[in-house]
Amino acid sequence: MSDQPSAKAISFNSARFLVSASRLEECPPDQGAEVAFAGRSNAGKSSAINTITANGKLARTSKTPGRTRLINFFSLNRPDCRLVDLPGYGYAKVSRDMKDDWQQHLDHYLSQRQSLRGLVLVMDIRHPMTDFDQMMVEWCQHNNLPLMILATKSDKLKFGQAKTALLKISAMLKHYDCVEHLVMFSATTKAGLDDSRAALEAWLEGREAEILST
Ligand code: GDP
């Protein structure tokens, strides 16, 4: 039979909210492939997910009260392929205990999830490599998890400034071979959309991405 579901091309527009999880046990079965998005709060993670999935409301789910600290899963048209929205870090003035709790929760997910193929770290191109970003990059490096950096809100800078900012980020990351892609991105102009989709698709399909941005 040629009509196997796994042969279907991935369409990011097909993304639908699947489930929220507060603990590893509540996550969907750990099979197939998924890519997770992380970012400091306000970096532009939700906007990036909405842009990639062409669904202006999708990641809003993750922002509804009660869900901001959960891991939110989105299904795609190909069975067992998922996008994952990790809780934003640094929301409001959470207590130290809550931060520890958040970190433990995330640690469990990142360290134990077999289907995790890569991490997308969203950072504001004007304020890159915060402590949180540094922590995530170190984590990926240590655990051999492929990383894509989306340097977003690039429309806030003139093109030349954005290019310079990207070069600076690239220099900061040169010793980290976990970084497979560094993409200048904008939810407003859709810059970097094709490249980021190509990289995600390749990760989910388990092959090399053919993109120009790194
Ligand atoms: P999150 O907390 O990381 O999910 O951040 P959001 O996606 O909610 O974005 C935070 C703010 O930045 C919102 O006001 C967005 O409209 C704005 N924003 C996000 N991405 C972009 C972008 O690419 N360009 C511009 N100009 N604004 C953006």
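Everything quoted here is computed from the prediction, not taken from an experiment. Counting starts at 1 for both ligands and their atoms, following the listed order.
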Taking only heavy atoms of [X], which atoms of ligand 1 are found under 4.0 Å from at least one of them?
X      : answer
Ser41  : 2 (O)
Thr152 : 23 (O)
Ser47  : 6 (P), 7 (O), 9 (O), 15 (C), 19 (C), 20 (N)
Gly44  : 1 (P), 3 (O), 5 (O), 6 (P), 7 (O), 9 (O), 19 (C)
Arg40  : 3 (O)

Original post:
With backbone taken as N, CA, C and O and side chain as the heavy atoms from C-beta onward, which portion of Asp155 lies under 4.0 Å from ligand 1: side chain, backbone, both, or neither?
Top reply: side chain
Subject >> Min side-chain heavy-atom separation Phe185-Thr51 under 4.5 Å >> reply: yes
Original post:
Heavy-atom distance under 4.5 Å between the side chains of Pro87 and Leu70, does that happen here?
Top reply: no
**OP:** Please name all residues satisfying salt bridge (Lys or Arg N to Asp or Glu O under 4.0 Å) with Arg23, sequence neighbours left out, ordered by chain then number.
**Re:** Glu25, Glu26
Original post:
Can you list the residues that meet the salt bridge (Lys or Arg N to Asp or Glu O under 4.0 Å) rule with Arg117, with sequence neighbours excluded?
Top reply: none
Original post:
If you group Ile, Leu, Val, Met, Phe, Trp and Tyr by side-chain heavy-atom gaps below 4.5 Å, do Leu167 and Leu150 land in one group?
Top reply: no
Original post:
For residues Ser115 and Asp30, is any side-chain donor paired with an opposing acceptor at under 3.5 Å?
Top reply: yes
Subject >> Ser154 N/O to ligand 1 N/O under 3.5 Å >> reply: no
Original post:
Are any of the N or O atoms of Phe185 closer than 3.5 Å to those of ligand 1?
Top reply: no
**OP:** Look at atom 18 (N) of ligand 1 and find which of Lys153, Lys156, Lys190 reaches it with the closest heavy atom.
**Re:** Lys153
Original post:
For ligand 1, is Ser186 a contact, meaning one of its heavy atoms is under 4.0 Å away?
Top reply: yes
**OP:** For the pair Trp203 and His181, name the ring-plane relationship: parallel under 30°, tilted 30 to 60°, perpendicular over 60°.
**Re:** tilted
